[in-house]
Amino acid sequence: MTNILCIGAGYVGGPTMAVIASHCPQHRVVVVDINAARIAAWQSDRLPIYEPGLEAVVRSALNRNLFFSTEVDRHIDEADIIFVSVNTPTKTFGQGAGRAADLQYWEKTARQILHNATTPKIVVEKSTLPVRTAEAMEQILNYNSKGLHFDVISNPEFLAEGTAVQDMENPDRVLVGGKDSISGQKAIQAIVDIYAQWIPRERILTTNLWSSELSKLAANAYLAQRVSSINAISALCEKTGADVTEVAHAIGLDNRIGPRFLRASVGFGGSCFKKDILNLVYLCEFYGLKEVANYWEQVVSMNEHQQTRFVSNIVSSLFNTIAGKRIALFGAAFKANTSDTRESPALAVCRGLLAEHAEVVITDPYALENARNELGEQADRVIFEPDPYVAAREAHAIAIVTEWAQYTELDYKTIFASMIKPAFIFDGRNILDHKRLYALGFNVYAIGKPPLTHNHAD
Ligand code: NAD
Ligand code: UGA
């Protein structure tokens, strides 16, 4: 039996450890966090995050070989392998503010491991970190008077929220980076052995530490870059009469490009894309690669432009003023099938509409509580309404900002009848049947498509 500990019971720590525990009944997996409410939620009937399929996986292993606890210190010394999955947000102060990763939580964890350990351990970077973080960690951990040796391994996580369980069960690849030394190679093997319990060996890649750390940042930068690229094209489509869905289909059929991650949208969100690209930008600047930094920074700028453009389009279409007008936002989560609202474009749009003094009502099947917390003081100016029909009542416009499947199945005839006329719909995810909505009487604005508008002056 191997004692596995994970420090950080968030969107990554919880699901990844639940899947490991479910496939490795011979190992004992403990997940710890300083957030007592989160730990209590993992042990309850209401998990702290909404993720399809997660409840069943957690239930299959909970209190068998999967345990959640707030006793970080106590569990450190029992562990043979410690995954560290704490948050690594963008730094908000000092050098590199707004770009560099804030490594204080990660470093605190390393020192806590050192303080409590009496036996050697493998420490695994699960959090996303700047290249060469492992070097700093090794120095902190191995500069000790206890005579203990620690091996640091990089094992970045590639799961996407909304499909986390599926991604963990059947990943495209697992990456394990480590040192070339004898103990480094042994440590790599120990991590490979865990994943090999359910993942074909050829999909488990082993690399050096720095390649592993950089591959994680590079993968997110590439994915985000695809979204920004198609969103850039969507802006041009709106000016020229081209249809971005048709363009995406046409270019995606080229198998050098491929069809995935070509959905034009109101912009990408989530806790990682922006943070990881800015981290990459900071690293490039640090190494004197100014042009490379500028190149990647454009991916973030384009994303911000897409969100601003969406709000401007609402204002100009609604006769250049939305002050006092009720606007229903369909969605708060940064994508479908998650309750996560971190960096959600829905909330960026909400803030933009509030700045224009609109009356904003937000509906979402799972993310309203997080949206309220995320909006802080601005939440007082927003109505949170779980029922989309109620949200749309007496509204001048609906904006689809999260691609929840349920929004495609609503009775838009009833919704249209309940709205102020002329009624507008802005489809920020291109998920609705625009021609049908137009036939029902809506003025329809989609991303990267010619608007379908009735001339009410006739
Ligand atoms: P999160 O904020 O949901 O979870 C992090 C948890 O760590 C929090 O619950 C926090 O209380 C806990 N924590 C912080 N310091 C601690 C300490 N000293 N001791 C114990 N617990 C501590 O973050 P997340 O979304 O799970 O992301 C974690 C890391 O994984 C980040 O580096 C992120 O970039 C990366 N990542 C995230 C995703 C994702 O989909 N969210 C996917 C891949 C990688
Ligand atoms: C992303 C990556 O896909 C994961 O591999 C990675 O592990 C993770 O970041 C991370 O490091 O945190 P995630 O942010 O959960 O996962 O979700 P994605 O499916 O990548 O979507 C990100 C954003 O892009 C969402 O707002 C989504 O709506 C948007 N998106 C995605 C588009 O607008 N168009 C697309 O074609 C695809």
Side-chain angles (χ1 to χ4, degrees), residues 50 162 263-270 303-304 306-318 321-410 412 414-416 418-420 423-432 434 437 442-447:
Y50 171 69
R263 278 178 287 118
S265 67
V266 61
F268 62 74
N303 195 51
E304 280 160 7
Q306 189 74 350
Q307 297 175 3
T308 312
R309 217 167 65 75
F310 189 75
V311 174
S312 304
N313 207 8
I314 295 178
V315 177
S316 60
S317 309
L318 267 71
T321 176
I322 55 169
K325 291 182 181 167
R326 182 176 169 102
I327 298 183
L329 290 186
F330 278 21
F334 80 96
K335 63 186 281 197
N337 298 318
T338 177
S339 52
D340 196 352
T341 55
R342 292 177 294 177
E343 296 291 339
S344 175
L347 301 189
V349 169
C350 172
R351 290 188 188 100
L353 297 176
L354 287 177
E356 292 289 336
H357 295 188
E359 181 190 317
V360 181
V361 48
I362 305 185
T363 183
D364 191 286
Y366 289 96
L368 287 187
E369 202 179 317
N370 282 339
R372 190 190 291 275
N373 293 334
E374 194 88 14
L375 283 168
E377 281 178 6
Q378 284 179 309
D380 297 343
R381 295 170 57 201
V382 173
I383 302 163
F384 297 91
E385 170 53 62
D387 183 340
Y389 291 98
V390 178
R393 202 175 293 154
E394 305 277 308
H396 288 256
I398 294 170
I400 309 285
V401 275
T402 310
E403 71 280 23
W404 288 105
Q406 40 274 63
Y407 298 152
T408 63
E409 287 150 18
L410 299 174
Y412 283 95
T414 303
I415 288 177
F416 179 76
S418 76
M419 289 175 68
I420 305 282
F424 291 77
I425 199 152
F426 297 87
D427 187 354
R429 297 288 186 167
N430 287 351
I431 55 169
L432 302 182
H434 302 140
L437 291 171
F442 281 103
N443 289 320
V444 187
Y445 292 80
I447 300 282

Tightest non-hydrogen contact, residues Ile398 and Ala392, listed as CD1-CB, 4.0 Å
Here the side chain to side chain donor-acceptor pair (under 3.5 Å) pairs for residues 392-402, sequence neighbours left out, are none
By ring pair (Phe, Tyr, Trp, His ring centres under 6.0 Å), Tyr366 pairs with (sequence neighbours left out) Tyr50, Trp404
So CD1 of Ile425 and CG of Leu432: to nearest 0.5 Å the spacing works out to 5.5 Å
Sorted by chain and residue number, the side-chain hydrogen bond (donor to acceptor under 3.5 Å, both in side chains) partners of Ser344 (sequence neighbours excluded) come out as none
Sorted by chain and number, sequence neighbours left out, ring pair (Phe, Tyr, Trp, His ring centres under 6.0 Å) with Phe442 holds for Phe416
Ala446 and Asn430 have their tightest heavy-atom pair at CB-OD1, 3.2 Å
Contacts of Asp427 meeting salt bridge (Lys or Arg N to Asp or Glu O under 4.0 Å) (sequence neighbours excluded), chain-then-number -> none
Distance col, row Asn313:CG vs Leu318:CG, nearest 0.5 angstrom, shows 10.0 Å
Across all chains, not counting sequence neighbours, the side chain to side chain contact (heavy atoms under 4.5 Å, CB included) partners of Thr363 are Phe330, Pro388, Ala391, Tyr407
With Ile362 as partner, the option from Ile383, Leu375, Val349 fulfilling side chain to side chain contact (heavy atoms under 4.5 Å, CB included) is Leu375
Note to self: Whether the Gln306 and Arg309 side chains hold a donor-acceptor pair (N or O, under 3.5 Å, no angle test) is what I'd like checked.
What the structure shows: yes
Closest non-hydrogen contact found for Ala264 with Ile447 is CB-CG2, 3.8 Å
Correct closest heavy-atom pair for Leu368 and Pro386 would be CD1-N, 3.6 Å
Sequence neighbours excluded, the answer for ring pair (Phe, Tyr, Trp, His ring centres under 6.0 Å) partners of Tyr445 is Phe426
For residues 400-409, the salt bridge (charged side-chain N to carboxylate O under 4.0 Å, His left out) pairs (sequence neighbours left out) are Arg263-Glu403, Glu403-Arg429
Minimal heavy-atom distance between Leu329 and Ala346, with the atoms involved, is CD1-O, 3.7 Å
For Thr321, the side chain to side chain contact (heavy atoms under 4.5 Å, CB included) test, sequence neighbours excluded, returns Ala323, Lys325
Rounding to 0.5 Å, atoms NZ (Lys335) and CZ (Phe268) come to a distance of 13.5 Å
- request: Determine, step by step, whether Ser418 and Thr414 satisfy the side chain to side chain contact (heavy atoms under 4.5 Å, CB included) criterion, reporting the C-alpha distance in whole Å, the side-chain angles of both residues, the deciding distance to 0.1 Å, and the verdict.
  value: CA-CA 6 Å; Ser418 76; Thr414 303; 5.9 Å; no
Value for CD1 (Ile314) from CD1 (Ile327), rounded to nearest 0.5 Å, stands at 5.5 Å
Residues Thr338 and Ala333: closest non-hydrogen pair is O-CB, 3.2 Å
With sequence neighbours left out, the residues meeting side chain to side chain contact (heavy atoms under 4.5 Å, CB included) with Gln307 are Asn303, Pro345, Ala348
Here the salt bridge (charged side-chain N to carboxylate O under 4.0 Å, His left out) pairs for residues 351-380, sequence neighbours left out, are Arg46-Glu369, Arg326-Glu359
For Ser312, the side-chain hydrogen bond (donor to acceptor under 3.5 Å, both in side chains) test, sequence neighbours excluded, returns none
